[in-house]
Amino acid sequence: MKRTSEDLSQTVAADFEKNAANYEPYIRYIRFPKYKNLKAASRLDLSFPMTVLVGENGCNKSSLIRALYGAPANKSLGEYWFETKIDTIGDDKGAPSCFIYGYYNPLEDRIVEVLKTRVTKAGNPDYWEPSRPIRAYGMDMMPEKESLTEKERKYRSQTRWNAIDKKVVYLDFHETRSAYDRFFYSTDLSKVSRSFKSKQDYLRRYSGKLLEVARRNLQNFRLRGKNKVLENRVLDPATVQTISGILDKDYESIRIITHTFYTSEPERTVLLSVRNCSGYSEAFAGSGEFLVVCLIDAVVRAPARALVLLDEPEVSIHPEAQKKIAVFLLQQILDKKIQIVIATHSPYFVQSLPVGAVKLLSQDAAGRTCITNDAYASEVFHKIGASTRRLTVLVEDECAKTVLDACARNLGRDGLFGVRPAVRHGAEGILCHDAVTNFIEGVKGVAYCLDGDVRQKALAASPGAGEDEALAAWFRKVASSANLMQPNADREVLARKREEFADYLRDTLFFLPGRQGPEEIIWSVVPESERAAVKDSGNSKESIRLACLERFGEDDASTISGYNRYYAGSLLKERTPSPYDDELRELIERLAAFSSRASAP
C-alpha cells in the first residue's frame, strides 16, 4: 500500500523522537549574530528532519540554505557569497559576518556550538573558518585542557569545537540545467566553433558521439586529445521505478552522462527509454522531467545522515509530481536518516508537516528578515499575504525579472505574483517548452512575459493589421508549430488543440514595453551624465556594458547584473520618470488582475 505524506510525516516524527541518535551527526539549529539582511540574533531551529523555508522573494531563503551548506567541516559559504565592487559585504573589522550552529557532541554529552566567521586571508577575502567562541554572542567558553587525547582531538582543539563532520548534497534548481539547454539557450556558437552554420548542425554532429558513448557504455571518450566523458551510468531499477511513479511514465531505463561534448564545462545529458517506445534525451523531454531525474538520483545517492539542501525544487515540476516528491523525501529520511532543508514557494512541500517543520521568513518594518520557527504548515502562505495558488510569471532572463520585480515592488504589487526566469532561457524556450508543457498538463497560475522585441516582430509579421489582429495571427502561427500531440494524431483533433493553445497564449502571454529588451527600460532611468559618458551604440544592452566598463573597469556578468538591479530600483518612481512608465504600470495592473483570476477557486 502506498504511504501518504501525512502517514510518513507522523512516522518520521515518532522515529526522530525515539531514535534521535541514529540521525547524528545532526545540525540542531543555526543562529545569526550578523549575517546579510537577517535581524540580529535570528535563529533557525531544525527540530524536524525535513525543514521547509517559506517566504516572499528577498527574504533570504537561499541565504539560509547556503549558510547551512557552509556549516560542516571543509565547506565554505564563500563559494556562493563573496564580495564584488558592486555587491560589497561591508563587514566591520571588529564584527565580521558570521553564523553559529549547534550539534550534539557525544564526548561532552551535550550540544556544543561552532562559530564560523568571514575572515580575510591572502588571496581570498571571502574565507570562512571556525573561530573562537565569543561571549557577546551568548556562547560558552571552551573548557580548558592542558593537553588533548586522540579521541578529544576528533571533536575539539584547544580553542574551539571542531565543525560538524557531515556530508552535504546541495541542489539549486535554478542552476540545474541539462547539457542541451546550457548549449542551445546560453552558449554563443561562435565562441565554441566556427565550423558550423547553426547550433542544430553542431548538435547533430556531437550527439552522434554521445550516442556512441551510451551504446558502448564508455567511461571515457578522447577527442582531440581530451577526455569528453566524466560519468556514464545507468540508474538502478528501483530508482527508475521511483521516477516512473512520480512522473506517471513507464521508464524502462534511464542513463546519465556527464560530458563536455556540448559545453566547455561538464554538464549532464539524461537518456530516457520508455517501455514500448523509442528513447529520447532531455532535448525532447520537458525540463521538469530532467529536473526530477536529477533530484531523485541525487537524494538516492546521498550517503546516510547527509545534509540535503534543495533550493526551489518546484521549478518546472507540476503539482502532482511535487506531492509525490515530498512523499519520496520523507521515505528517504526514514530509510537513511538524512536531514533535509528546502527553500520553496510551493505549498505542496509543506502539506502534512508538523508545527516547527515549516519556517516563515518575513520582513519587519526596518526591512530586516525575521524567522518564525513555529509556523503551521496550513497558514504560512496566508501569513505572507499570498494565496496557495499564487501566480508565477515566467520571463526570458534575469534582467527581465529584475525589471518586473522592481516595478511590482515599487507599486506595492509584489505580493500578488512571483517572477522567475524560465529554465530554458529566451522566448523560444518559453513558447516551445514551458507554455506547451503547462498547457498540455493543465497547469494553472502561470503567465509569461516576453521582451518587447518579440511583440515588435509579431506586429511586423502582419503589416497593415491592427495590433489585436496581428497578435492573434501570431498566436495562431506559434500554435501551428507547437509540438502539442503525436505526429500521427487525428487532424481535426490536432487543429482543435492548436486553436485551444492559441487561446491559452492570448490569455496568459504579456509583453514588456519597448522595442529591444529589458535593458532598454533600465537604460532609460540611468542619469544623463552617465549615459553621455559612453558612446551611443543604439543597443541598450551594449550601452549598459560600456557604462559598467567606464564606471567600474569591468563588464563581467556579476557587475552588469548589479548595475541593472541598482537602476531598476528607480523605475516607476516620481523622481526618475521613464518614457515606459504608463506601459509598465498597465502591465503590472494586468498581471495583478490575471493573478486574481488565477487564484479564484
Side-chain angles (χ1 to χ4, degrees), residues 184-186 188-189 198-199 393-408 419-422 424-436 446-482 498 501-526 531 536-547 560 564 567-568 571-572 577-591 593-594:
F184 197 80
Y185 296 104
S186 302
D188 184 345
L189 179 61
S198 68
K199 291 182 178 180
V393 181
L394 292 183
V395 294
E396 291 188 37
D397 55 26
E398 194 65 38
C399 187
K401 170 180 165 57
T402 297
V403 167
L404 213 53
D405 276 342
C407 291
V419 185
R420 67 174 176 84
R424 302 171 187 262
H425 287 224
E428 185 179 1
I430 290 176
L431 293 171
C432 297
H433 295 280
D434 296 284
V436 170
V446 179
Y448 316 93
C449 187
L450 304 183
D451 293 351
D453 62 334
V454 180
R455 177 174 172 273
Q456 295 302 319
K457 292 174 183 176
L459 297 178
S462 299
E467 180 173 331
D468 290 343
E469 183 183 352
L471 288 176
W474 183 72
F475 291 144
R476 290 192 296 272
K477 181 179 178 181
V478 172
S480 68
S481 61
R498 285 173 173 168
F501 184 56
D503 291 339
Y504 170 80
L505 292 177
R506 188 178 297 109
D507 188 44
T508 60
L509 195 59
F510 302 81
F511 298 94
L512 286 170
R515 293 181 170 275
Q516 299 177 18
E519 292 86 354
E520 178 183 13
I521 299 171
I522 294 172
W523 189 243
S524 71
V525 293
V526 173
R531 291 160 58 94
D536 184 11
S537 66
N539 182 298
S540 301
K541 188 172 185 177
E542 175 65 9
S543 295
I544 287 175
R545 186 190 71 81
L546 292 172
I560 292 172
N564 286 338
Y567 281 112
L571 289 168
L572 297 183
S578 158
Y580 306 106
D581 283 355
D582 290 343
E583 290 177 272
L584 286 171
R585 287 192 180 91
E586 182 184 359
L587 172 61
I588 298 302
E589 293 305 321
R590 289 178 61 211
L591 285 170
F594 183 88

Non-hydrogen side-chain atoms of [X] and [Y] separated by less than 4.5 Å:
X    : Y    : answer
L431 : L450 : yes
E398 : N564 : no
C399 : E519 : yes
C449 : V419 : no
V395 : R420 : no
I544 : Y567 : no
V446 : T508 : no
L404 : L591 : yes

**Item:** Shortest non-hydrogen contact between Y580 and G514, atoms and distance
**Value:**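 Shortest heavy-atom contact: CE2-CA, 3.8 Å.
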**Item:** Nearest heavy atoms of V454 and E396, plus distance in Å
**Value:**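 Closest heavy-atom pair between V454 and E396: CG2-OE2, 3.6 Å.
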Exceeds 12 heavy-atom contacts within 6.0 angstrom, atom [atom1] of [X]:
X    : atom1 : result
R531 : CZ    : yes
D582 : CG    : no
K541 : NZ    : no

**Message:** Classify the ring geometry of F511 against W474: parallel below 30°, tilted from 30° to 60°, perpendicular beyond 60°.
**Reply:** tilted
**Asked** Quick one: do E542 and R545 make a salt bridge, cutoff under 4.0 Å?
**Response** yes
